[in-house]
Amino acid sequence: MATMTADERRERERRRYNAFLAECPGHELLATLSDKWLTLVVSALADGPLRHSELARTVAGASQKMLTQTLRKLERDGLVDRSVTASVPVRVDYRLTPLGESLLPVQRAIKAWAETHIGEVHSARERYDDAAGA
């Protein structure tokens with residue numbers, strides 16, 4: 001068996017770690033669930049179904065393209081149902097699925113944690129910036 005240099009061992013471990021992350025379900029979903037627009041759309045749908053135009057007004061700042069991409073991603077992941085009603089104009093409604101609704105307590109817990117600890121985070125940033133600038 002050939003010996004490895006320290007650099008080769010580090011590279012092997014880096015590859016092993018990256019493979020672990022790629023297969024980790026938490027890593028896969030956290031990347032999706034931490035998306036700003038996804039979070040805002042799920043929150044907007046928490047109180048019930050909305051039409052695309054209502055979502056566009058509620059999720060201010062999201063472009064038409066971004067909102068559509070986010071809704072498609074949510075639908076693909078099984079978090080949102082899209083229903084089309086034949087009328088003039090066509091009516092499209094979006095609602096959270098039971099899987100999407102199961103995400104709400106997690107979002108609310110993160111929001112509560114952020115509201116509780118934002119002062120501490122700001123203080124820590126200030127201390128860090130002061131020390132880094134000194």
Taking atom [atom1] of [X] and atom [atom2] of [Y], what is their separation to the nearest 0.5 Å?
{"X": "Arg95", "Y": "Glu101", "atom1": "CZ", "atom2": "CD", "result": "9.0 Å"}
{"X": "Leu33", "Y": "Lys73", "atom1": "CG", "atom2": "NZ", "result": "9.5 Å"}
{"X": "Leu29", "Y": "Ser34", "atom1": "CG", "atom2": "OG", "result": "10.5 Å"}
{"X": "Thr39", "Y": "Lys111", "atom1": "OG1", "atom2": "NZ", "result": "12.5 Å"}

Spell out, as yes or no, whether a donor-acceptor pair under 3.5 Å connects the side chain of [X] to the backbone of [Y].
{"X": "Asp35", "Y": "Trp37", "value": "yes"}
{"X": "Ser43", "Y": "Leu40", "value": "no"}
{"X": "Glu8", "Y": "Thr5", "value": "yes"}

Please report the shortest heavy-atom distance between [X] and [Y], naming the atom on each side.
{"X": "Val41", "Y": "Thr70", "result": "CG2-CG2, 4.0 Å"}
{"X": "Glu120", "Y": "His117", "result": "OE2-ND1, 2.7 Å"}
{"X": "Leu50", "Y": "Ala44", "result": "CD1-O, 3.5 Å"}

Practice problem: Tell me, yes or no, whether the heavy-atom count around Arg51 atom CZ, taken from other residues, nucleotides or ligands under 6.0 Å, exceeds 12. | Solution: yes
Quiz item: Does a sphere of radius 6.0 Å around CZ in Arg12 hold more than 12 heavy atoms from other residues, nucleotides or ligands, not counting ones at 6.0 Å or beyond?
Solution: yes
Under 4.5 Å between any side-chain heavy atoms of [X] and [Y], yes or no?
{"X": "Leu104", "Y": "Leu96", "value": "yes"}
{"X": "Asp130", "Y": "Glu126", "value": "yes"}
{"X": "Leu71", "Y": "Arg82", "value": "no"}
{"X": "Gln107", "Y": "Val42", "value": "yes"}
{"X": "Thr32", "Y": "Leu38", "value": "yes"}
{"X": "His52", "Y": "Thr68", "value": "yes"}
{"X": "Gln69", "Y": "Met66", "value": "yes"}
{"X": "Asp81", "Y": "Tyr94", "value": "no"}

Joint cluster assignment, [X] & [Y], ILVMFWY side-chain distance < 4.5 Å:
{"X": "Ile110", "Y": "Val121", "value": "no"}
{"X": "Val90", "Y": "Leu67", "value": "yes"}
{"X": "Leu74", "Y": "Val84", "value": "yes"}
{"X": "Leu30", "Y": "Val106", "value": "no"}

Quiz item: So, Asp7 and Arg9, do they make that salt bridge, N to O below 4.0 Å?
Solution: no
